[in-house]
Amino acid sequence: MLIRIYKAVQTLILIAVVTIIAALFSVIVFLDMNPYVIVSGSMEPELPVGSLCLIDCQQKEPDAGDIISYKAGDSVITHRVAEVTDEGYVTKGDANDSKDPGIVKQKQVFGTYVFNVPKAGYAVMFFRSLKGIVLTIIFVICFSLLGRLLENRRE
């Protein structure tokens with residue numbers, strides 16, 4: 001009985017992992033979209049901290065009011081276009097009182113915001129951390145050992 005439950009859980013986990021990987025691969029490769037995790041409250045309530053947002057990398061010529069992701073130094077910033085000028089874009093976080101310093105040049109823009117999944121960014125940040133990687137490896141090892149123990153018990 002336990003081995004059947006274990007096999008069912010194992011199959012469900014495998015299907016879930018493969019589905020998530022296939023969906024992310026499809027979005028990134030076929031639809032040319034990149035996921036970004038929102039790490040500050042500058043765009044709340046539109047983009048809450050911890051959201052995973054998708055950016056359309058084909059749409060690099062935003063209009064005023066669009067939300068864009070752009071490179072600023074070593075950071076990727078996701079803010080709203082407040083104004084389009086001949087030099088580039090004036091941006092501002094929705095929750096910020098003032099506009100961002102400087103003009104965002106066209107070559108800095110990665111793309112335009114499409115949608116977000118609230119709180120999904122926390123999972124991404126966890127699995128990218130050392131703690132998340134180690135715990136995932138431990139989980140896989142323990143789950144595999146449990147399967148072996150149940151098979152040995154059955155015999």
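These figures come from a predicted structure and were not determined experimentally. Values below: all heavy atoms of this structure, side chains included; hydrogens, waters and symmetry mates excluded.
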Would you check if the side chain of [X] reaches a backbone N or O of [Y] as a donor-acceptor pair within less than 3.5 Å?
X      : Y      : answer
Arg80  : Gly93  : no
Glu44  : Glu46  : no
Ser144 : Val140 : yes
Lys92  : Asn96  : yes

Heavy-atom pair of closest approach, residues [X] and [Y]:
X      : Y      : answer
Thr78  : Ser69  : OG1-OG, 2.6 Å
Leu135 : Phe126 : CD1-CZ, 3.8 Å
Ala95  : Gly41  : CB-O, 3.4 Å
Gly111 : Ile55  : C-CG2, 3.3 Å
Cys57  : Lys60  : O-CE, 3.0 Å
Val84  : Ala64  : CG2-N, 3.7 Å

Point to revise | Thr91-Tyr70 side chain donor-acceptor pair, cut-off 3.5 Å | key: yes
Practice item. For Tyr89 and Gln108, test the side chains for any donor-to-acceptor distance below 3.5 angstrom and give the result as yes or no. Key: no
Exercise for review: Check step by step if side-chain contact (heavy atoms from CB on, under 4.5 Å) holds for Val9 and Phe143.
Suggested key: CA-CA 10 Å; Val9 170; Phe143 196 73; 3.9 Å; yes
How long is the straight-line distance from [atom2] of [Y] back to [atom1] of [X], given to the nearest 0.5 Å?
X      : Y      : atom1 : atom2 : result
Ile138 : Leu145 : CD1   : CG    : 11.5 Å
Thr112 : Leu54  : OG1   : CG    : 13.0 Å
Ser42  : Ile77  : OG    : CD1   : 8.0 Å
Met33  : Asp56  : CE    : CG    : 4.5 Å
Thr19  : Leu12  : OG1   : CG    : 10.5 Å

Can you confirm whether [X] sits close enough to [Y] that some side-chain heavy atom of one is under 4.5 Å from a side-chain heavy atom of the other?
X      : Y      : answer
Leu52  : Asn116 : no
Ile38  : Cys53  : yes
Val109 : Val104 : yes
Tyr6   : Leu146 : yes
Glu61  : Gln106 : yes
Thr136 : Phe127 : yes
Tyr122 : Val49  : yes
Asp100 : Val90  : no

Decide whether [X] and [Y] are clustered together by the hydrophobic rule: side chain heavy atoms of Ile, Leu, Val, Met, Phe, Trp, Tyr closer than 4.5 Å, transitively.
X      : Y      : result
Val76  : Ile67  : yes
Val117 : Val114 : yes
Phe110 : Tyr113 : yes
Phe139 : Ile21  : yes

Exercise for review: In sequence, state the C-alpha distance, the side-chain angles, and the governing distance for His79 and Asp94, and then conclude on side-chain contact (heavy atoms from CB on, under 4.5 Å).
Suggested key: CA-CA 7 Å; His79 278 176; Asp94 288 357; over 6 Å; no
Exercise for review: Verify the neighbour count for atom NZ of Lys119: are there more than 12 heavy atoms of other residues, nucleotides or ligands below 6.0 Å?
Suggested key: no
